[in-house]
Amino acid sequence: MAQLFLSFLVISFTICSFAITVESRSLARTYAESQCKSTRYPDLCVQTLLPYVSKRGLPSSQLQAQLSLATCLSTARFTKAYMNMVADKLNETSNSGDYQAMEECMHQMNDGVTQITQSFKELQQMGKDGYQKFLWHESNVQTWVSAALTDATTCVDGILGDGISDREKTMIRARILKVKQLASNSLALFTRFTSRYRASHGIKIPLN
């Protein structure tokens, strides 16, 4: 009888723990979704931020933008590495036209990686060196992330060579598309952060 009662307690505790875990995950997702409403790709945004949700909610709006940019940078670097592999294969087959197109695309991706890296460093600095430099940092990040978006768009539009297999084209396009979507989400999260920061610190955008 005692053993049966003990088994019942163990099962009850397991069910209760599972219910709490499910509820926590549900609350975490709900909170992440509320933070991602301003983004163009909310599902990807939730996927990016959800691992960082704690019992206290998500990190600050500035850190959310940093997390999104860091994910974008990591994805861009992996994409560039994959493109390098495809380019090396094209170069070995002496398919000069397709290799040239891929080389141009890689050049644009390199620029994109550099711009996202600069944006990430700039975002980390915001608010640390005085309010007077906040708008300058804000302008830099907006310019660089927007430029990275343009580079990614130009790159994916140029992948048309016959020497590149359909599978490789699909892989490259999918990876670059994800970079674009992450960059777009990062820009939206960044804009929300800067708007809140300026409002709370009384920073006004000068009229030209």
Side-chain angles (χ1 to χ4, degrees), residues 36 38-52 62-126 136-194:
C36 291
S38 62
T39 64
R40 191 171 181 181
Y41 306 99
D43 290 343
L44 180 58
C45 175
V46 170
Q47 180 185 332
T48 302
L49 298 182
L50 192 56
Y52 303 97
Q62 182 176 9
L63 189 52
Q64 288 178 40
Q66 288 177 355
L67 289 169
S68 186
L69 268 178
T71 304
C72 182
L73 179 58
S74 175
T75 304
R77 284 174 173 167
F78 277 115
T79 300
K80 189 178 75 169
Y82 180 78
M83 291 170 65
N84 279 330
M85 181 187 70
V86 175
D88 288 343
K89 190 190 300 183
L90 287 173
N91 196 27
E92 289 172 4
T93 60
S94 300
N95 197 325
S96 58
D98 292 338
Y99 176 76
Q100 209 167 25
M102 180 63 75
E103 195 174 38
E104 178 59 29
C105 187
M106 285 192 301
H107 176 70
Q108 289 156 348
M109 282 304 300
N110 281 334
D111 286 347
V113 168
T114 299
Q115 289 152 353
I116 296 168
T117 302
Q118 290 173 322
S119 299
F120 183 77
K121 291 178 180 178
E122 198 85 353
L123 179 51
Q124 287 182 307
Q125 190 62 29
M126 292 180 74
W136 179 69
H137 291 309
E138 180 179 1
S139 177
N140 286 341
V141 173
Q142 287 174 336
T143 299
W144 290 329
V145 177
S146 296
L149 269 168
T150 300
D151 283 335
T153 301
T154 304
C155 180
V156 74
D157 289 345
I159 304 296
L160 299 171
D162 293 332
I164 306 173
S165 71
D166 289 340
R167 180 182 177 278
E168 286 168 341
K169 286 180 188 176
T170 299
M171 290 285 288
I172 292 171
R173 285 186 174 130
R175 289 167 186 255
I176 295 176
L177 178 61
K178 189 171 183 180
V179 173
K180 286 177 59 179
Q181 291 175 343
L182 286 167
S184 174
N185 284 352
S186 298
L187 201 53
L189 292 173
F190 175 75
T191 299
R192 188 182 63 175
F193 154 62
T194 55

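Quick note: residue numbers are just sequence positions, from 1. The figures that follow rest on heavy atoms only: side chains count, while hydrogens, waters and symmetry mates do not.
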Search all heavy atoms of [X] against all heavy atoms of [Y] and return the closest pair with its distance.
X    : Y    : answer
C155 : M83  : SG-CE, 3.7 Å
C45  : T39  : CB-OG1, 3.7 Å
T48  : P51  : O-CD, 3.5 Å
S38  : R192 : OG-CD, 4.4 Å

Expected list for residues 182-191: side-chain donor-acceptor pairs under 3.5 angstrom, two or more places apart:
| from | atom 1 | to | atom 2 | distance (Å) |
| --- | --- | --- | --- | --- |
| N185 | OD1 | Y41 | N | 3.1 |
| N185 | ND2 | Y41 | O | 2.9 |
| S186 | OG | S68 | O | 3.3 |
| S186 | OG | S68 | OG | 2.7 |
| S186 | OG | L69 | N | 3.4 |
| S186 | OG | L182 | O | 2.7 |
| T191 | OG1 | L187 | O | 2.8 |

Calculate, to the nearest 0.5 Å, the distance between atoms [atom1] and [atom2] belonging to [X] and [Y] respectively.
X    : Y    : atom1 : atom2 : answer
E104 : M106 : CD    : CE    : 10.0 Å
R167 : T170 : CZ    : OG1   : 9.0 Å
F193 : E138 : CZ    : CD    : 8.5 Å
E122 : Q125 : CD    : CD    : 7.5 Å
I116 : T71  : CD1   : OG1   : 11.0 Å
M171 : I176 : CE    : CD1   : 12.0 Å

Give a yes or no on whether the backbone of [Y] and the side-chain of [X] come within a donor-acceptor separation of less than 3.5 Å.
X    : Y    : result
Q115 : A148 : yes
Q62  : M126 : yes
T117 : V113 : yes

Next on the checklist: Under the salt bridge (Lys or Arg N to Asp or Glu O under 4.0 Å) definition, can you give me all pairs with a residue in residues 62-82, not counting sequence neighbours?
Outcome noted: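 Sorted result for residues 62-82: empty, none.
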Walk me through whether T153 and K180 qualify under side chain to side chain contact (heavy atoms under 4.5 Å, CB included). CA-CA 7 Å; T153 301; K180 286 177 59 179; 3.3 Å; yes
Are any non-hydrogen side-chain atoms of [X] and [Y] less than 4.5 angstrom apart?
X   : Y    : answer
L44 : Q47  : yes
Y82 : E168 : yes
Q66 : L63  : yes

(request) Would you tell me whether Q108 and T154 have side-chain atoms, one donor and one acceptor, within less than 3.5 Å of each other? (result)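 Looking only at side-chain atoms, T154 and Q108 do not form any donor-acceptor pair under 3.5 Å.
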